[in-house]
Amino acid sequence: VIFFDYVQSKALSIPRFIDEYITLTSNVNFFKSLDFDAGSWLGGNYSVVMTTGPVAAIGSVIGWNLTNNITIARISNFVWIFLIQTLFAYFVIKVHEIKDTYFIYLSTAFVLILIPWWQGSLYSIGEIPSTILFINAVFLFSKFRKTSIVLFCLSVIYGKLLMAVPFIGFYIAILIKERSVQNLLRDISLFLIAMFPWLALVQLKYQSGNFINYLNDQSNFIRGHKSSGVQDNTIGFFENFISLLNTSEFINWSIYEKIRVLVIPLIFMIIIYKNKNTLDNYFGNITAPILSATTLIYLWFWVLNGTKWIRYSQHFTIILLISTIYLLGTNLIKDKVDIFLLLSLFTFYIDNNKNLIYLSIFIYFIAIFLSGKKVYLDKLKYILLIILFIDISLVFYGNTDSRDINQFIDECSIELKSDSCRDAYLNG
């Protein structure tokens, strides 16, 4: 009840966002007629400007089709993403025989609201679900390689094209480790087979031409987008880096956001590297691929990305958060400092009651380093969950907002991609 109220309150309070309208409209049309179309104003059917694929919005499509209610659509999409991660957690637990199932299952919902700018899941945009597919495919790769390759394709092609960056980082590490042309060709073939339905639809339905035109337009769109970082720079590297920071969203971030996005991923990667042998023995050659994938998307975000939109950081913060709950669930990490850091970095993503961050870190420190008794990780993990629950409970009991959940847009009940619907949505 408390968790649902927390998500509902966020769904009611966030403003209208043009990307939400684009994603919802294009995907409602996709699941009705296979037309990936948000209207001619955006380039028409299968426009390269629409960067979020169908995987991201299944929940909102169901919610919208049943109710025509934008708030229900938002909540439904959060439920969809929650179900995705819960299902993958089940498979990771079974495949790797993780014994502490309760902690991982109970952590799932908390992970989704700790992600910086987690309301992206309510807006139905693609960063969160595509990264969930990706990181779980990484953990399943050693045992179910073919399934993981299909999941990687779903993440990149049917989720968010930017996921190609961490996927390239992941697969470079695999190539270096295996040095197998046979595996490479088999993986490429499977990826292309999974990709074929989308390419076939593009060939048949792309409003600006055929499949070749689509690839060319996609390339031009990426090169022209400020976030991509592929534009020509006429100044030096350091000067360009400082210029991007000063003209991006970064300057408006709080100190907490800067630590979460800049510092904590580096600490996470150090812990992964320190425990390389233990993690590889348990999960099967997983540390180098995780480190390579995380490093590549992290460097893209900080070095090349010109906008520094915080939702783009989700491509590595989600890798961090989900990997952390799997590591804590397995009890593989034995070093006291590493345990303290893992618990602390996870807690640092609390966004409501910042004092709980410092309180919890103090508790971890006392329990791990100063307690005269041997404190097992299991107890501290559940203290972490209690603290996270207290955080949203305080929001629940302090919430005096009584907004009506019934947010209908009459102009959109007939045709989502009409001009009148778009105007009513944006002006609502």
Side-chain angles (χ1 to χ4, degrees), residues 1-14 78 103-104 106-122 128 249-268 270-271 310-311 313-314 316-318 320-325 327-328 333 336-373 375-403:
V1 172
I2 290 177
F3 206 97
F4 177 82
D5 180 83
Y6 183 80
V7 174
Q8 176 183 283
S9 296
K10 178 67 76 171
L12 287 167
S13 63
I14 57 177
F78 183 89
F103 171 77
I104 293 178
L106 290 171
S107 300
T108 298
F110 290 114
V111 165
L112 299 180
I113 62 170
L114 292 177
I115 300 166
W117 207 74
W118 68 270
Q119 58 260 45
S121 61
L122 304 176
I128 293 177
E249 188 182 279
F250 173 80
I251 60 174
N252 298 318
W253 291 1
S254 70
I255 185 64
Y256 294 98
E257 290 169 330
K258 291 174 182 177
I259 293 174
R260 290 165 186 161
V261 177
L262 177 61
V263 179
I264 288 180
L266 297 177
I267 299 173
F268 166 76
I270 292 171
I271 294 172
I310 200 163
R311 75 176 195 244
S313 72
Q314 293 170 348
F316 53 87
T317 54
I318 295 173
L320 180 160
L321 289 167
I322 292 179
S323 297
T324 298
I325 66 168
L327 296 185
L328 292 174
I333 308 299
K336 287 185 176 182
V337 174
D338 291 344
I339 294 172
F340 171 74
L341 289 174
L342 274 180
L343 290 167
S344 298
L345 67 85
F346 197 87
T347 309
F348 207 88
Y349 283 90
I350 289 177
D351 200 37
N352 298 309
N353 303 281
K354 301 295 193 300
N355 289 332
L356 287 174
I357 297 174
Y358 307 111
L359 174 63
S360 59
I361 291 175
F362 177 74
I363 292 172
Y364 304 150
F365 184 84
I366 295 296
I368 293 174
F369 298 111
L370 301 182
S371 175
K373 298 179 180 180
V375 178
Y376 294 97
L377 175 59
D378 288 345
K379 295 180 181 179
L380 289 177
K381 288 188 297 185
Y382 288 97
I383 289 174
L384 166 63
L385 293 181
I386 291 170
I387 291 170
L388 295 177
F389 183 70
I390 290 172
D391 177 55
I392 65 168
S393 297
L394 292 175
V395 175
F396 173 78
Y397 288 110
N399 184 14
T400 58
D401 195 346
S402 58
R403 299 187 192 185

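- Atom-to-atom distance recorded for Ser107:OG and Tyr382:OH is 8.0 Å, nearest 0.5 angstrom.
- Here the side chains of Leu343 and Ile383 are not in contact, with every heavy-atom distance at 4.5 Å or above.
- Between atom CD1 of residue Ile310 and atom OG of residue Ser254 there is a gap of 7.5 Å, rounded to the nearest 0.5 Å.
- Judged by distance alone, the side chain of Lys381 and the main-chain N or O of Phe103 form no donor-acceptor pair under 3.5 Å.
- Every residue two or more places apart in sequence or in another chain was checked for a side chain to side chain donor-acceptor pair (under 3.5 Å) with Thr324, and none qualifies.
- Here side chain to side chain donor-acceptor pair (under 3.5 Å) pairs that include residues 389-398, with residues two or more places apart or in two chains, are Asn352-Asp391, Asn353-Asp391.
- Atom CD of residue Gln8 and atom CZ of residue Phe396 lie 10.5 Å apart, to the nearest 0.5 angstrom.
- With hydrogens and angles ignored, the 3.5 Å screen pairs no side-chain donor or acceptor of Ser323 with any backbone N or O of Leu320.
- Side-chain atoms of Tyr364 and Thr347 include a donor-acceptor pair closer than 3.5 Å.
- Summarising the geometry, atom CD1 belonging to Ile390 is positioned 6.5 Å from atom CG belonging to Leu356; distances are rounded to the nearest 0.5 Å.
- Summarising the geometry of Trp253 relative to Glu257, their closest heavy-atom pair is CA-OE1, 3.1 Å, with the distance given to 0.1 Å.
- Relative ring orientation between Phe110 and Phe3 is described as perpendicular, the plane-to-plane angle rising above 60° on a 0-90° scale split at 30° and 60°.
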For a quick test of your reading: what N or O donor-acceptor pairs under 3.5 Å do the side chains of residues 260-268 make, sequence neighbours left out?
{"from": "Arg260", "atom 1": "NE", "to": "Phe348", "atom 2": "O", "distance (Å)": "2.9"}
{"from": "Arg260", "atom 1": "NH1", "to": "Asp351", "atom 2": "OD1", "distance (Å)": "3.1"}
{"from": "Arg260", "atom 1": "NH2", "to": "Phe348", "atom 2": "O", "distance (Å)": "3.4"}
{"from": "Arg260", "atom 1": "NH2", "to": "Ile350", "atom 2": "O", "distance (Å)": "2.5"}

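- For Phe369, the side chain to side chain contact (heavy atoms under 4.5 Å, CB included) test picks out Lys336, Val337, Phe340, Phe365, with sequence neighbours left out.
- Between Leu359 and Ile387, every side-chain heavy-atom pair lies at or beyond the 4.5 Å cut-off.
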Indicate every side-chain donor-acceptor pair of residues 112-122 with a distance under 3.5 Å to a residue at least two apart or in another chain.
{"from": "Ser121", "atom 1": "OG", "to": "Trp118", "atom 2": "O", "distance (Å)": "2.8"}

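- Of the inter-residue distances, the one linking Ser360 atom OG with Ile386 atom CD1 reads 12.0 Å to the nearest 0.5 angstrom.
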Side chain to side chain contact (heavy atoms under 4.5 Å, CB included) for Ile325 and Leu321? Distances and angles first, verdict last. CA-CA 7 Å; Ile325 66 168; Leu321 289 167; over 6 Å; no
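- The distance from the CD1 atom of Ile271 to the CG atom of Leu342 is 4.0 Å, given to the nearest 0.5 Å.
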